[in-house]
Amino acid sequence: MNVTIRELADWLRGFDDIAVFGHRAPDGDACGSCVAVALALRALGKRAVACLPEGMPEFLRFLPGQECVVPDGELPFTPQCALAVDVSAPDMLGDNRALFEACPQRAVLDHHGSNPFFGQRNHVEPNRAAAGEMALLLIAELGVTLTKDMASCLFAAISSDSGNFNYSNTTAETFESAAVCVRAGADVDEITGYIYRTRTEARTRLLGLCLAELKREGKVAWARVTNAMFERAGAMRCDTERIVNYLIEIEGVEIAALAIEQEDGCSAKFSLRCVAPYNVARDVAQPLGGGGHERAAGITIHRPLDEALNMVLARVREIL
Ligand code: 5GP
Ligand code: MN
């Protein structure tokens, strides 16, 4: 069933114990949106947690509201309902999928056009740059005053998914949502400083190792991050975030793929980016079991790195 944000707010008001779920390898949008909604629900006197697979990544640990976050499978109560925010498909719930599905009442608030409407109630707006924009509206519909902590989380969410307001998904409403957050106390310099102007040495070394081996074929660029590179750089899994941007930003490149070897050594996660008129969600990710947005999509393929990469490149060559 399709619902409005107001209907979602009315529905949430009917429960006392609520779990908010983000996607695996949570990014700024998932973390910021889920924590802000959990904080707003707590402000209404509810028990609420933000379930983020593997917890909040290191580079977002500066965000307020960390006390709401529970990693995989460690719920302090049995939730009466579940709200998935920024989760494009059930498998993106990662190790929390069973927890989500065990909740008797489930809803989805998302901005991925590929979302299969996996909740009993769904509100999906593919034109929103970030789930954070919709979380902001939900908090307003809940009648909760936006605190500085909620606003900081939502500004981080909106800034993250819009590439700090420079991706093609950025709209007038994106700026308006951000302005609401800034007025409520979000510190632009502090938040963007952590997200865009600081990186650990390990992350910097991983970027170097990866880009040193980038491959180019006409309009396509790709690179791999192997487990050996993670080890050599001393980097964490979340340190691959945004590496793919360096590929799509190469002059003349119109489709970019970053292949990340998973810890098991026999599966690979892909970050895909493109420019208009290509649609990597519909034409590359979805046929291989993934999803995302027109210009930014992803897939996890249960094959060794190079085999999986060849599957992705074959699809890419077909759409050129
Ligand atoms: P990123 O490259 O930043 O990890 O992901 C880009 C977009 O693709 C995000 O909106 C994310 O939700 C989506 N995405 C990434 N990996 C997967 C995946 O394995 N499955 C699906 N359905 N979507 C994904
Ligand atoms: Mn998002």
Side-chain angles (χ1 to χ4, degrees), residues 20-37 52-54 57 59-60 84-95 97 108-118 123-136 153-164 167-170 174 177 195 210 222-223 225 237-248 255-260 262 267-274 279-303 308 311-312:
V20 183
F21 289 83
H23 60 74
R24 70 173 135 83
D27 56 8
D29 191 25
C31 292
S33 300
C34 289
V35 170
V37 171
L52 299 170
E54 304 122 52
F59 71 97
L60 293 169
V85 180
D86 196 34
V87 181
S88 61
D91 64 292
M92 290 297 287
L93 290 160
D95 290 343
R97 181 174 180 169
V108 167
L109 179 68
D110 188 32
H111 68 134
H112 294 89
S114 61
N115 196 297
F117 290 64
F118 61 95
H123 184 86
V124 178
E125 288 186 56
N127 292 330
R128 292 284 182 184
E133 290 184 44
M134 298 149 76
L136 179 67
C153 287
L154 292 177
F155 185 87
I158 297 166
S159 164
S160 294
D161 260 26
S162 65
N164 210 18
Y167 294 161
S168 60
N169 60 6
T170 305
T174 313
S177 307
I195 298 179
C210 168
W222 66 92
V225 184
R237 310 309 298 188
C238 65
D239 288 330
T240 56
E241 177 101 3
R242 293 203 314 278
I243 293 182
V244 68
N245 291 4
Y246 289 87
L247 306 177
I248 194 65
I255 303 181
L258 181 72
I260 305 157
Q262 299 300 282
S267 58
K269 181 187 148 39
F270 289 81
S271 278
L272 305 168
R273 300 291 184 272
C274 67
N279 182 333
V280 280
R282 184 193 61 202
D283 299 331
V284 182
Q286 284 182 257
L288 293 169
H293 310 286
E294 287 182 359
R295 315 273 185 256
I299 335 156
T300 302
I301 298 179
H302 298 279
R303 297 284 173 83
M311 291 166 69
V312 169

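Numbering of ligands and ligand atoms starts at 1, following listing order.
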Does Arg273 reach ligand 1 with a nitrogen or oxygen that is under 3.5 Å from one of the ligand's nitrogen or oxygen atoms?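 Indeed, backbone or side chain, Arg273 has an N or O that close.
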Using a 3.5 Å cut-off on N or O atoms only, is Gly298 in polar contact with ligand 1? yes
What do we get for [X] next to ligand 1 when only non-hydrogen atoms under 4.0 Å count, side chain, backbone, both or neither?
X      : answer
Glu241 : neither
His23  : neither
Ser271 : both
Ile299 : backbone

Measure from the Mn ion (ligand 2) to every N/O/S atom of [X] and report the name of the nearest one.
X      : value
Asp86  : OD1
Asp29  : OD2
His111 : NE2
Asp161 : OD2

Protein residue, atom and distance nearest to atom 20 (N) of ligand 1, heavy-atom basis: Met92 SD, 3.3 Å
Atom 16 (N) of ligand 1 [closest protein heavy-atom partner, distance rounded to 0.1 Å]: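 Checking every protein heavy atom, the shortest distance to atom 16 (N) of ligand 1 gives Lys269 NZ, 3.2 Å.
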Do the side chain of Asn169 and the main chain of Arg128 share a donor and acceptor less than 3.5 angstrom apart? no
Look at the rings of His111 and His293 and say which category their plane angle falls in: under 30° parallel, 30 to 60° tilted, over 60° perpendicular.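 Tilted, since the angle between the ring planes falls between 30° and 60°.
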Please check if the number of heavy atoms outside Tyr167 that lie under 6.0 Å from its OH is greater than 12. yes
